[in-house]
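Below: one structure, written as structure tokens.
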Amino acid sequence: MRPPNPQRDELHQLLLRWYDRHARDLPWRKNPEPYQTWVSEIMLQQTQVATVIPYFERWMARFPTIADLANASEDDVLQFWQGLGYYRRGRNLLAGAQYVVANGIPFDAAGWQEVPGIGPYTAGAIASIAQNQPAALVDGNVERVYSRLTADATEPPKLTQNAWKWANLNLDHHRPGDWNQALMELGATVCTPKNPQCPTCPLKNRCAAFAIGKPDSYPTPAKRTATVQLQQTLWIARCGDRIATERVPQGEWWEGMVSFPRSQTHDLTENPFDPAWPKLAGTFKHSVTHHRITLQVACVTVENAADNYTWLNAHELNAAAIPAPHRKGLELAKRL
DNA sequence: AAACCGGGGTC
DNA sequence: GACCCAGGTTT
């Protein structure tokens, strides 16, 4: 056992008392079993709570248990993940379910981290929230709260290491799951990146950044890779009531999903359906990590359905896993 | 250690 | 526009 620490005890009391009154009513908190917690944590990776909620509800209705998920196909999973982004998360969740069916449900953070798609954060989250294990965690919220509480101006990724040390030292062993969620809840709703609500913060009198009047100058921002501008054309080819589609090849963005013929230029003479004459349906921008794509949508009508494409009708298109910007392009083409 | 991977909310 | 989000995997 670790030695008594009255300051740490007070920190736990201040934050947990606040959390008991202010915890948001989130769907995955109704039934914090390992599977529910697991699914929610994977969906929440780099994704905001409000975005995840409808996906989580649909997922639980379609794949109620780990066994249901383990028996699903990758296309099933991708169709449900469609629009959420970071599709490897969905594939890994499927692989993880199969792993757990084969090897049994892990009982601590170290065991969870062996599951595909589960790293140190998610392992700590499932073990502490669903299994009451004394496991720490650090996400973007905890890192920011730590950085402000201690006025640690270290640049990431070293800051992340410091935050993990702090999280392990300050874990609440009586209510580890609530403590971890309370730290994240504070970061998400009070100790926000911009305009933190310090006057309402339960920890303001323990916060070094607040004490020196500079909460929003922490944490020190990470250096970012420069934005790259790209141009693409999406070709929506119609033959009767069907549209030409293809599987995105390995190595390209959205690999394995369903998309339309694409060219890496706005030059409409590079027309895969030549000599059919293209009509421009519109242009919009879409971001993929540090890339900024200006996407042009060209429509053509053809007489013969070339067999190097898969021609899908409206019903089949609706059921396919199509990347969000390409589905948006399809909608633009429909309005033409 | 740095790059890769999506999409949306927010300022 | 830039920044951020209950990060993990690959190189």
Side-chain angles (χ1 to χ4, degrees), chain A residues 23-24 26-29 32 36-56 78 81-93 95-96 112-126 128-130 136-145 155-158 160-161 163-164 167 177 179-189 191-196 216 219-229 248 250-257 284-295 321-328:
Chain A
R24 290 170 292 180
L26 303 175
W28 44 89
R29 286 182 176 162
Q36 275 79 352
T37 307
W38 181 8
V39 172
S40 68
E41 292 299 342
I42 299 294
M43 289 185 172
L44 285 162
Q45 287 169 10
Q46 299 299 105
T47 308
Q48 297 181 166
V49 165
T51 305
V52 166
I53 288 174
Y55 281 91
F56 178 82
L78 285 179
W81 210 266
Q82 159 173 208
L84 196 54
Y86 285 135
Y87 296 93
R88 188 165 62 189
R89 294 182 297 172
R91 293 188 168 105
N92 278 339
L93 197 48
W112 282 106
Q113 207 170 328
E114 298 301 312
V115 179
I118 297 186
Y121 162 78
T122 307
I126 301 172
S128 65
I129 296 170
L137 60 76
V138 171
D139 73 333
N141 291 306
V142 177
E143 187 170 303
R144 182 172 56 256
V145 169
E155 277 183 38
K158 180 78 189 309
T160 311
Q161 295 178 30
W164 272 100
W179 166 255
N180 285 334
Q181 292 186 88
L183 279 172
M184 295 190 283
E185 195 88 348
L186 188 72
T189 63
C191 194
T192 47
K194 295 184 178 168
N195 305 322
D216 41 6
T220 303
K223 290 184 174 64
R224 291 182 179 279
T225 48
T227 300
V228 177
Q229 301 285 339
V248 178
Q250 282 212 345
E252 292 186 28
W253 291 336
W254 305 293
E255 68 179 26
M257 296 181 72
F284 61 95
K285 287 180 183 288
H286 181 81
S287 292
V288 179
T289 63
H290 61 284
H291 302 85
R292 187 74 173 158
I293 312 164
T294 305
L295 208 56
I322 298 173
H326 296 174
R327 192 169 279 285
K328 185 173 174 182

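These values consider heavy atoms only, across backbone and side chains, with no hydrogens, waters or symmetry-generated copies. Residue numbers start from 1 in every chain, and the chains themselves are labelled A, B, ... in the order their sequence lines are given, proteins ahead of strands.
A/E143 contributes no side-chain N or O that, together with a main-chain N or O of A/A163, makes up a donor-acceptor pair within less than 3.5 Å.
Considering only side-chain N and O atoms, A/W38 lies nowhere under 4.0 angstrom from the phosphate OP1 or OP2 of C/dA6. Proximity of A/H286 to the phosphate of B/dG7: a side-chain N or O atom is located under 4.0 Å from OP1 or OP2.
Using a 4.0 Å heavy-atom cutoff across all strands shown, A/R24 reaches at least one base atom of the nucleic acid. A/R29 comes within 4.0 angstrom of a nucleotide base, judged by non-hydrogen atoms across all strands. Using a 4.0 Å heavy-atom criterion, one finds that A/L26 contacts the bases of the nucleic acid, with or without backbone contacts as well. When heavy atoms are screened at a 4.0 angstrom cut-off, A/S40 is found touching no nucleic acid atom at all. Across all strands, A/P325 comes closer than 4.0 Å only to sugar-phosphate atoms, never to a base (heavy-atom distances). Residue contacts for A/W81: at a heavy-atom cut-off of 4.0 Å it reaches no nucleic acid atom on any strand shown. At the heavy-atom level, A/G83 lies under 4.0 Å from the strands shown only through sugar-phosphate atoms.
Take A/Y86 and apply the ring pair (Phe, Tyr, Trp, His ring centres under 6.0 Å) test, not counting sequence neighbours, and it matches no residue. Legend: residues meeting salt bridge (charged side-chain N to carboxylate O under 4.0 Å, His left out) with A/R224, ordered by chain and number and at least two apart, are absent. Residues satisfying the salt bridge (charged side-chain N to carboxylate O under 4.0 Å, His left out) test with A/R292, not counting sequence neighbours, are none. With sequence neighbours excluded, the residues satisfying salt bridge (charged side-chain N to carboxylate O under 4.0 Å, His left out) with A/E155 are A/K223. Partners of A/R88 by salt bridge (charged side-chain N to carboxylate O under 4.0 Å, His left out), not counting sequence neighbours: none found. By the ring pair (Phe, Tyr, Trp, His ring centres under 6.0 Å) test, A/H291 is found to be paired with A/W253, residues two or more places apart in sequence or in another chain being considered.
Among the nucleotides B/dG7, C/dA6, B/dC4, the one closest to the side chain of A/E185 is C/dA6. Residue A/A324 has its side chain nearest to B/dG7 when only C/dC4, B/dC4, B/dG7 are considered.
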Please tabulate the protein-to-nucleotide N/O contacts below 3.5 Å involving nucleotides 9-11 of chain B, giving atom names and distances.
{"unit_1": "B/dG9", "atom_1": "O4'", "unit_2": "A/Q48", "atom_2": "NE2", "d": "3.0"}

Identify each atom pair where a protein N or O and an N or O of nucleotides 7-11 of chain C are less than 3.5 Å apart, giving names and distance.
{"unit_1": "C/dG7", "atom_1": "OP1", "unit_2": "A/G140", "atom_2": "N", "d": "3.2"}
{"unit_1": "C/dG7", "atom_1": "OP2", "unit_2": "A/L44", "atom_2": "O", "d": "3.4"}
{"unit_1": "C/dG7", "atom_1": "OP2", "unit_2": "A/Q46", "atom_2": "N", "d": "2.7"}
{"unit_1": "C/dG7", "atom_1": "OP2", "unit_2": "A/Q46", "atom_2": "OE1", "d": "3.4"}
{"unit_1": "C/dG8", "atom_1": "OP1", "unit_2": "A/G119", "atom_2": "N", "d": "3.0"}
{"unit_1": "C/dG8", "atom_1": "OP1", "unit_2": "A/G119", "atom_2": "O", "d": "3.4"}
{"unit_1": "C/dG8", "atom_1": "OP1", "unit_2": "A/T122", "atom_2": "N", "d": "2.9"}
{"unit_1": "C/dG8", "atom_1": "OP1", "unit_2": "A/T122", "atom_2": "OG1", "d": "2.8"}
{"unit_1": "C/dG8", "atom_1": "OP2", "unit_2": "A/Y121", "atom_2": "N", "d": "3.4"}
{"unit_1": "C/dG8", "atom_1": "N2", "unit_2": "A/R88", "atom_2": "NH2", "d": "2.3"}
{"unit_1": "C/dG8", "atom_1": "N3", "unit_2": "A/R88", "atom_2": "NH2", "d": "3.2"}
{"unit_1": "C/dT9", "atom_1": "OP1", "unit_2": "A/G117", "atom_2": "N", "d": "2.8"}
{"unit_1": "C/dT9", "atom_1": "O4'", "unit_2": "A/R88", "atom_2": "NH2", "d": "3.3"}

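We find that NZ of A/K285 is positioned 11 Å from P of C/dA2, with the value rounded to whole Å. Atom-to-atom, NE2 of A/H290 to P of C/dC4 comes out at 17 Å; the value is rounded to the nearest Å. As a whole-Å value, the separation of A/L84 CG from C/dA6 P is 13 Å. Whole-Å rounding puts the A/K223 NZ to C/dC4 P distance at 14 Å. For the pair A/I129 CD1 and C/dA6 P, the computed distance is 13 Å after rounding to whole Å. The interatomic distance linking A/I293 (CD1) with B/dC4 (C1') rounds to 14 Å, in whole Å.
When the P atom is used for both B/dC4 and C/dA6, the distance is 24 Å, rounded to whole Å. When the C1' atom is compared between B/dG6 and C/dC3, the two are found 15 Å apart, to the nearest whole Å.
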Sequence neighbours left out, cut at 3.5 Å: what donor-acceptor pairs do the side chains of residues 114-125 of chain A make with other protein atoms?
{"unit_1": "A/Y121", "atom_1": "OH", "unit_2": "A/E41", "atom_2": "OE1", "d": "2.6"}
{"unit_1": "A/T122", "atom_1": "OG1", "unit_2": "A/Q45", "atom_2": "NE2", "d": "3.1"}

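In this structure, A/F56 and A/W28 have perpendicular ring planes: the angle between them is above 60°, well past the 30° mark.
Of the residues near DNA chain B, A/P157 and A/W254, the one whose nearest nucleotide (by heavy atom distance) lies more toward the 5' end is A/P157.
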Legend entry - side chain to side chain donor-acceptor pair (under 3.5 Å) between A/Q46 and A/R89, intermediate numbers included: CA-CA 11 Å; A/Q46 299 299 105; A/R89 294 182 297 172; over 6 Å; no
